Amino acid sequence: MTPKVLSTYRILYKKAFNEDIDESWIDWAVEMMLAGYESDSLYILAGISKPYNQFELQELTHKVLSELNLEYKDKHLTIRNYAYYIISNTVAKPENYLATLKELKDICLGLDYDQEYMNFYLLYFAKEDLNESENQWYWDDANRSNIDTIIKEQFLNYIKKIDNSTKS
């Protein structure tokens, strides 16, 4: 199921990894309300302002996700959906490739070099090196003139792979 509010993928990722609640949660709650979602806890979350009490907000966000039937317990699926979300939002924006690759590299590291994210890990370092010099040693035949094309191709391959796996 694809949520009407695509930033839900980022929120579920943050919740699955018990990240602190910040302004992005409040923004998301408002987006959800504007998209037609209703929940008492969602309304409360949308109205929260600083300073944030993490203990109370962790409990409140758990209620919100529960009331909206949004699942985050399957970390593998949550990560995959989040990766799909950030790649989909970046594929047509080469100026954002490095930032997206950094997030994907961090996911790869957090998952002990999971093969699903290893290409992104390597492309992050290739792109970073090519921003600084003419050479990189992470991706065969990648250079300054073709690195963005290679990244876009890998992003599209990942999107296609996930789309195909959800159809089967």
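Nothing here was measured: the structure is a model prediction, and the numbers come from that model.
Taking each heavy atom of L101 and F120 in turn, the nearest pair found is CD2-O, 3.8 Å. Scanning both residues, L130 and E134, for their nearest heavy atoms gives CD2-O, 3.6 Å. Nearest heavy-atom pair, S7 versus Y85, reported as atom, atom and distance to 0.1 Å: CA-OH, 3.7 Å.
Here the side chain of E128 pairs no donor or acceptor atom with the backbone of N131 at under 3.5 angstrom. T8 contributes a side-chain N or O that, together with a main-chain N or O of V5, makes up a donor-acceptor pair within less than 3.5 Å. For the pair N146 (side chain) and N143 (backbone), a donor-acceptor distance under 3.5 Å is present. A donor-acceptor contact shorter than 3.5 Å is absent between the side chain of S66 and the backbone of H62. In this structure a side-chain-to-backbone donor-acceptor pair under 3.5 Å is missing from E19 to Y13.
For the pair L122/Y117, no side-chain contact is recorded, criterion being any heavy-atom separation below 4.5 Å from C-beta on. By the 4.5 Å heavy-atom criterion applied to side chains, I48 and I21 are not counted as neighbours. A 4.5 Å side-chain heavy-atom check between I162 and R80 finds at least one atom pair inside the cut-off. A 4.5 Å side-chain heavy-atom check between L104 and Y158 finds every atom pair outside the cut-off. In this structure the side chain of N81 never reaches within 4.5 angstrom of the side chain of L12, judged on heavy atoms. Residues I147 and Y97 are not in side-chain contact: their nearest non-hydrogen atoms beyond the backbone lie 4.5 Å or more apart. Under the 4.5 Å side-chain criterion, counting only non-hydrogen atoms from C-beta, D163 is in contact with Y84. With a 4.5 Å cut-off on side-chain heavy atoms, C108 and Y124 do not count as touching.
The side chain to side chain contact (heavy atoms under 4.5 Å, CB included) test with L123 is passed by exactly one of I151, T100, L98: I151.
Classification of D22 and K14 as a salt-bridged pair holds, one side-chain N sitting under 4.0 Å from a carboxylate O. D40 has no carboxylate O lying under 4.0 Å from a charged side-chain N of K63, or vice versa, which leaves the two without a salt bridge. Salt-bridge annotation for D148 and K152: absent, with no side-chain N of the basic residue lying under 4.0 Å from a carboxylate O of the acidic one.
Transitive grouping of hydrophobic side chains (ILVMFWY, heavy atoms separated by less than 4.5 Å) keeps V64 and F55 in distinct clusters. M32 and V30 fall into different hydrophobic clusters, defined by Ile, Leu, Val, Met, Phe, Trp and Tyr side-chain heavy atoms under 4.5 Å apart, directly or through other members. Hydrophobic clustering, with ILVMFWY side chains joined whenever heavy atoms are under 4.5 angstrom apart, groups I79 together with M118. If you chain together hydrophobic residues whose side chains sit under 4.5 Å apart, W137 and I150 never meet in one group. Hydrophobic cluster membership is shared by L109 and W139, with clusters built from Ile, Leu, Val, Met, Phe, Trp and Tyr side chains linked at under 4.5 angstrom.
Side-chain N/O atoms of Q136 and K127 include no donor and acceptor closer than 3.5 Å.
The neighbour count for K102 NZ, taken as heavy atoms of other residues, nucleotides or ligands under 6.0 Å away, does not exceed 12.
Note that the OG1 atom of T90 and the CD atom of E95 stand 9.0 Å from one another [nearest 0.5 Å].
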inquiry  = Assess the residue pair R10 and E103 against the criterion (salt bridge (charged side-chain N to carboxylate O under 4.0 Å, His left out)); give the C-alpha distance rounded to whole Å, side-chain angles, the decisive distance to 0.1 Å, and a yes or no.
reply    = CA-CA 12 Å; R10 182 181 307 270; E103 284 192 68; 3.8 Å; yes
